[in-house]
Amino acid sequence: MTKKGWKSLCLIRRLTGLTILVLLWAAFINPQSWEPVLKLLPKLQFGQLLAGFFSGGPVRIVIPFLIIVLSALFFGRFFCGFLCPLGASMDLAVFIRSKIKRKTFAFIPDRWWRSLVPVLLLGTFWVGLTIPMGQLEPYSIIISGLFPLLPVLLIIAAWRGRAFCNSVCPTGWVLKILAKSAIFGFFLKKDTCLGCGSCRKVCPASCIDSDGLKLDRGRCLICLQCAAVCPNGSLTFGAADVLGHQAPGRRNFLRLTAAATAVGGAYLTGEEIRLSSRPLPETAPILPPGALSVAHLNAHCTLCHSCVQACPNGALEPADDADDIRLLGKPIISPYLGFCQYECVLCTQICPTGALVPLTPEVKRTSRLGTASLNLSECVVIKNHTSCGACAELCPSGAVNMVLESSELPEPFLEKEFCIGCGACQKACPVRPVAAIVVEGLYIQQTAKPAVQKKTTDSILADEFPF
Amino acid sequence: MNRRFFLKSLAAAAAAASLGRPWSPPNHALAAEDIFPDLVAVKGADVRLMYQRAMTALGGLERFVSQGQKVLIKPNMGWAMEPSTAANTSPALLTALIENSLALGASKVSVFDNTCDNWRSAYSRSGLEQAAKDAGAEVAPANQESYYQKVSLAGATSLPSASFHELYLEADVIINVPVLKHHGGARMTAALKNLMGAVWDRGAMHRNGLDTTIPELFLNKKPALNIVEAQRVMLTGGPRGRGDSKYLAAGLLLASADPVAVDAASARIIAEAGITTPAYIDHASKLGLGKSDLSQVNIQRLTV
């Protein structure tokens, strides 16, 4: 391919990443209008797939995970260069900075300590502590870590290129291990290379040693910029054998076998380890629909907060006070902010790791997230003798109804077997700071008695005009 | 062509002809109240036709809307429920009203509701957003406090001030188009109760008592016309409606400039199912917002 060809491909690469970034942001700003984007893009994020896989996720996560793994074994870190939205924003930062003042990168040799942070993040995640990984995984940063983390990372990127991708990012680290053994990759043609260093100067991964005529393929992000500046086509993409380099050999094979065993083992034991829990606490926060149980949510959630951002009612927030440290930062429903809309299943459909199991609206309607309890002595009907009924008005499952008791005003009556714990009654209740009807979460979600469905024939007016 | 079709066409043609009639200056020798009834009730099956008949009887929408005015139409679209559940105003009625307003030269027709369910779900599942947009109206969000402005309500005792949607405050003409339903807390919802969707103060209103706060919303700027849809009336499980809700096939459409009279008539419809007349109607009458005693109201009853 010509220099011009690489340049155009590099532009396409930049635009692909930025498009994904913009689409994601647009979709999270207006979730209901961008549903297809929300259902697709988060599920292509390798960090989420990796976490989903590590926690023993379902087939729909395992398959795309393996596809990206295989593609990395063939072509290297294609994902980091083309698809990672955080990577795209960092490339943009580098681009803008180099337009202001010319920026040249130097070669930096790889060191073992670059693996420390990523391995620590993956390890803590695997044993069930999600917070470290949740803060530093690229997709999570794009969705929920916007401030102050993203600006800081972009400023670092403007000076140091994509150093983050090669020394912090857990996703990048896994792909780096795979890319080291990739069959195809970028190589410096030793016989034609002029040693001018143009490629090194533009490499944001600092992985080209233009003096030693070597390119570290583990850290190469396939950003294509080197090929786009090389004056005589000495930087090219191909298989090692064909280009006269040593092909991945026995050592690689052993490394890959070890990695595959570790990953397979992690997959098989991940959920088990993460599900094991201490004795159940008395009360639990209200979990989002499809979370199944506190243990299940703990096992699979990566704190990307896609659900928190997408909830059309703004009902979800990260848990900031939990008995179980593993629940910190996990999405919970806060009825004072908003309630869980009866037929809405958006969060369960977009969750990229399977922490929220996809529900159909039919199943959702009887999925019990918590149980309401009514404190009649605080109710305005009883306390102030005024008509209200806000709770019954909002209750979608028929659990709260206004009935005539002793007083002449209708007062709320709760039938818990119909309650789905959506929190609509608590949100609507005018009594504050503590509502007269509040929902307690469930440690393990249940199925509520379905709302009564009874078709009756419409009655007819006795008088044509009853006035 | 059978007889029924012929009659329908005749009625439609008459209605169309009357709507198309060029506007003529009002005759000041006779006050509008003398020519036109206070309240029109139309019995029928086709809501569009019923609307046209009701408006003709009231002297046409041109009595309320004139060229270049900003019109706000406030339907009940507070619930993420399909039109078949009669939890919201029916889309066909909204369409007719918007088309009529635009045909009269309204500069802008806006539609909004401060919904109870999630606003996007409610706007779309009710079918009203699509109907309003197709008819040429502007559908505005009303889900954030920033859209509202605080206005004091002179003479109010339980709700001294309320935050109204800016479109409500800037409109030249407001048309209130509720659907008649049972309401668990307020007993009934029709014209008076529907204005709760134009303000932000739902919590305060529930806290201070619905019966007294609901009428007080009319102490600021009030709708010029109230059209209550009572085609299929939800009798139990309101206002949202449940899987076992009972309905009354009333087949009625009521229109009046008097929100109290139209609610008093609505209460009679719903009383047939044993629903007590809400106290807010009498409160409204005491505030001087209209007549709750129907014997004082000049009602025209029509069938299409």
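Order of the sequence lines sets the chain letters (A, B, ...), proteins ahead of strands, with each chain counted from 1.
- Between the CG atom in B/N298 and the CD atom in B/Q300 there is a gap of 7.5 Å [rounded to 0.5 Å].
- One N or O on the side chain of B/N118 and one on the backbone of B/R120 form a donor-acceptor pair closer than 3.5 Å.
- The residues A/E393 and B/R240 are annotated as not salt-bridged, no charged nitrogen and carboxylate oxygen being separated by less than 4.0 angstrom.
- Using a 4.5 Å cut-off between heavy atoms, A/E464 touches chain B through backbone and side chain atoms alike.
- Interface check for chain B: of the options A/T386, A/V380, A/I460, the most heavy-atom pairs under 4.5 Å are formed by A/T386.
- The contact between B/I299 and chain A is made entirely by side chain atoms (from C-beta outward), counting heavy-atom distances below 4.5 Å.
- The choice from B/L39, B/D211, B/T212 that makes the most heavy-atom pairs within less than 4.5 Å of chain A is B/D211.
- With a 4.5 Å cut-off on non-hydrogen atoms, A/C344 does not touch chain B at all.
- A/Q453 and B/D244 share no side-chain donor-acceptor pair at under 3.5 Å.
- Interface remark: B/L252 contributes side-chain atoms only to the contact with chain A (heavy atom separation under 4.5 Å).
- Contacts between A/A390 and chain B at a heavy-atom distance below 4.5 Å involve backbone atoms as well as side-chain atoms.
- For B/L210, the parts lying near chain A are the backbone and the side chain together; criterion is any non-hydrogen pair under 4.5 Å.
- Here A/C388 is the residue among A/A424, A/C429, A/C388, A/P396 with the most heavy-atom pairs under 4.5 Å with chain B.
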task = Could you walk me through whether B/R125 and B/W79 pass side-chain contact (heavy atoms from CB on, under 4.5 Å), step by step?
result = CA-CA 8 Å; B/R125 278 169 79 103; B/W79 305 96; over 6 Å; no
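- In this structure, chain B has a heavy atom under 4.5 Å from the side chain of A/N384, while its backbone stays farther away.
- Residues A/P331 and A/P288 form a side-chain contact, since some pair of their non-hydrogen atoms from C-beta on lies under 4.5 Å apart.
- Of the candidates A/L41, A/V37, A/I142, A/I20 forms a side-chain contact (heavy atoms from CB on, under 4.5 Å) with just one, namely A/L41.
- At a cut-off of 3.5 Å, with distance as the only test, a side-chain donor of B/S90 or B/E229 sits close to an acceptor on the other residue.
- For B/L254, the part sitting under 4.5 Å from any heavy atom of chain A is the side chain, from C-beta outward, and nothing else.
- Of the listed residues (A/P430, A/C379, A/C425), just one forms a side-chain contact (heavy atoms from CB on, under 4.5 Å) with A/C391, and that residue is A/C425.
- Side-chain polar atoms of B/T89 and B/N76 form no donor-acceptor pair below 3.5 angstrom.
- Side-chain atoms of A/K427 do not come within 3.5 Å of backbone N or O of A/S334 as any donor-acceptor pair.
- A side-chain N or O of B/T157 and one of B/E216 form a donor-acceptor pair less than 3.5 Å apart.
- Residue B/A186 touches chain A through its backbone alone, counting heavy-atom pairs closer than 4.5 Å.
- When heavy atoms are compared at a cutoff of 4.5 Å, A/A462 approaches chain B by way of both its backbone and its side chain.
- Using a 4.5 Å cut-off between heavy atoms, B/N143 does not touch chain A at all.
- For A/T456, the part lying near chain B is the side chain, with the backbone staying farther off; criterion is any non-hydrogen pair under 4.5 Å.
- Note: A/P312 leads A/P312, A/P450, A/S397, A/A451 in heavy-atom pairs under 4.5 Å with chain B.
- Comparing B/A264, B/G251, B/G184, B/S245 by how many heavy-atom pairs each has under 4.5 Å with chain A, the most go to B/G184.
- A cation-pi arrangement is found for B/R232 relative to B/Y247, the charged atom lying closer than 6.0 Å to the ring centre and inside a 45° cone about the ring normal.
- In terms of heavy-atom pairs under 4.5 Å with chain B, the best-connected choice from A/E343, A/M402, A/K455 is A/E343.
- For the set B/A265, B/A267, B/A271, the count of heavy-atom pairs under 4.5 angstrom toward chain A peaks at B/A265.
- The parts of A/V452 that come within reach of chain B are both its backbone and its side chain, each placing non-hydrogen atoms under 4.5 angstrom from that chain.
- No side-chain donor from either of B/D282 and B/S285 sits under 3.5 Å from a side-chain acceptor of the other.
- B/S266 does not touch chain A: none of its heavy atoms, backbone or side chain, sits under 4.5 Å away.
- Your options are B/G185, B/G237, B/G241, B/A250, and the one with the most heavy-atom pairs under 4.5 Å with chain A is B/G185.
- Counting heavy-atom pairs closer than 4.5 Å to chain B, the top residue among A/V403, A/V400, A/N401 is A/N401.
- The choice from B/R242, B/E272, B/M81 that makes the most heavy-atom pairs within less than 4.5 Å of chain A is B/E272.
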